[in-house]
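Right, one structure below, let's go through it.
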Amino acid sequence: MLATIQVILFVALTVIVVSLPDIQDDLGLGRSDVALVSSAFGLSFSGLLILGGRLADLFGRRRLLMLGLTVSAVASVAGGVAPGLAVLLLARFVQGIGAALAAPTALALVHGDVFADAGRQGRAVAAWGVLAPIGATTGLLVSGLVVTWSSWRWTFAIPTVGAGVAGLLVPRLVPAGPAPTRTRLDVPGALLVTAGLSALSFALVSSEDHPGCRRSCWFRSPAAFRW
């Protein structure tokens, strides 16, 4: 069950990649807008990952896992019905927040609660490292199939259904984990890291649309070298 959740989270990360050209045409987005849509999930996910693990210790692992899956499912619905760039960006960013809450919690449950034996824990953690690329690759393949036969909006149905079903099954199939413990939360640090990464990414991708950047900016994309 926990392995399936990890795969679902990384499916959500890449499931819109193939459909980005369709999203761009449908919503009338520029190149920098598309780059932001693509990266919004990863920014919140990477910036808040450590905080998510701390929150799991503070509020309980299974409880936070369910919260992360719920946030991810709701954000996926919002992404699928997004009328424009602002809602789509927010939905992708919140999807990453849900993943940042669920992913470290799932790993903590595998390491400390599902497998008590040290040898089995080591094998489980080793196998866990394979799940992220499996999920990312699956997201790309499924995205291609969906946009071939339907609208890009249906790509968001995959993480919605996956996270929703997993959230319903977690109370039955996943142990609660240890009792919550008091722990120090570095909320300002996590928010600053996430805000800093987001601001840097926005500056980099926005520079490609700047009139003076085509020949002078050292951080342009490979496409900018084709003068």
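In what follows, residues are counted from 1 in the order of the sequence shown.
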Hey, quick one: are V165 and V174 part of the same hydrophobic cluster, counting side-chain heavy atoms closer than 4.5 Å, chains of contacts allowed? yes

For the residue pair L9 and A102, what are the closest heavy atoms and their distance? CD1-CB, 3.9 Å

For the student: nearest non-hydrogen atoms of A82 and L27, plus distance: O-CD2, 4.4 Å

According to a 4.5 Å side-chain heavy-atom criterion applied to Ile, Leu, Val, Met, Phe, Trp and Tyr, with indirect links allowed, do V77 and V15 form part of one hydrophobic cluster? no

Partners of F45 by ring pair (Phe, Tyr, Trp, His ring centres under 6.0 Å), sequence neighbours excluded? F10

Is S38 close to I16 at the side-chain level, that is, under 4.5 Å between some pair of heavy atoms? no

Do L29 and I23 come close enough that some side-chain heavy atom pair is under 4.5 Å? yes

Spell out, yes or no, whether V142 and V161 are grouped together once hydrophobic residues are joined by side-chain heavy atoms under 4.5 Å, including indirect joins. yes

How long is the straight-line distance from CH2 of W154 back to OG1 of T160, given to the nearest 0.5 Å? 10.0 Å

Do L64 and L58 belong to the same hydrophobic cluster, where Ile, Leu, Val, Met, Phe, Trp and Tyr are linked whenever their side-chain heavy atoms lie under 4.5 Å apart, directly or via other members? yes

Give, for atom OG of S44 and atom CZ of F93, the distance between the pair rounded to the nearest 0.5 Å. 4.5 Å

Test item: V147 and T155 side chains (from C-beta on) under 4.5 Å apart, heavy atoms: yes

How long is the span from the CZ atom in R63 to the CG atom in L101, to the nearest 0.5 Å? 13.5 Å

Applying salt bridge (charged side-chain N to carboxylate O under 4.0 Å, His left out), can you list everything that pairs with R153, at least two apart in sequence or on another chain? D26

A side-chain contact here means heavy atoms from C-beta on lying under 4.5 Å apart; do L49 and P104 qualify? yes

Residue pair L131 / Q6: nearest heavy atoms and the distance that separates them: CB-CG, 3.8 Å

With no hydrogens and no angle check, is any side-chain donor or acceptor of S150 less than 3.5 Å from a backbone partner on V146? no

Out of curiosity, does L2 fall in the hydrophobic cluster containing L173 (side-chain heavy atoms, cut-off under 4.5 Å, transitive links)? yes

Give the minimum heavy-atom separation between A12 and Q95, together with the two atoms involved. CB-NE2, 4.2 Å

Would you say CG of L20 has more than 12 non-hydrogen atoms from neighbouring residues, nucleotides or ligands within 6.0 angstrom? yes

Is there side-chain contact between L36 and L89, with at least one heavy-atom pair below 4.5 Å? yes

Decide yes or no for V17 and T14: does some side-chain heavy atom of the first lie under 4.5 Å from some side-chain heavy atom of the second? yes

Could you check whether any side-chain heavy atom of D33 comes within less than 4.5 Å of a side-chain heavy atom of V37, counting everything from C-beta outward? no

Test I158 against I8 for side-chain contact (heavy atoms from CB on, under 4.5 Å), laying out the working first. CA-CA 8 Å; I158 301 162; I8 291 170; over 6 Å; no

Backbone N or O of L13 within a donor-acceptor pair of the R92 side chain at under 3.5 Å? yes

Considering non-hydrogen atoms only, spot the tightest contact between S143 and S19 and give its length. OG-N, 3.7 Å

Could you please spell out the steps behind the side-chain contact (heavy atoms from CB on, under 4.5 Å) verdict for V170 and I5? CA-CA 10 Å; V170 162; I5 290 173; 3.8 Å; yes

Return the minimal non-hydrogen interatomic distance between S46 and L43, and the atom names on each side. OG-O, 3.3 Å

Is any side-chain heavy atom of T4 closer than 4.5 Å to one of L169? no

The test is side-chain contact (heavy atoms from CB on, under 4.5 Å); show your working for V74 and V94 and say whether it passes. CA-CA 9 Å; V74 172; V94 176; over 6 Å; no

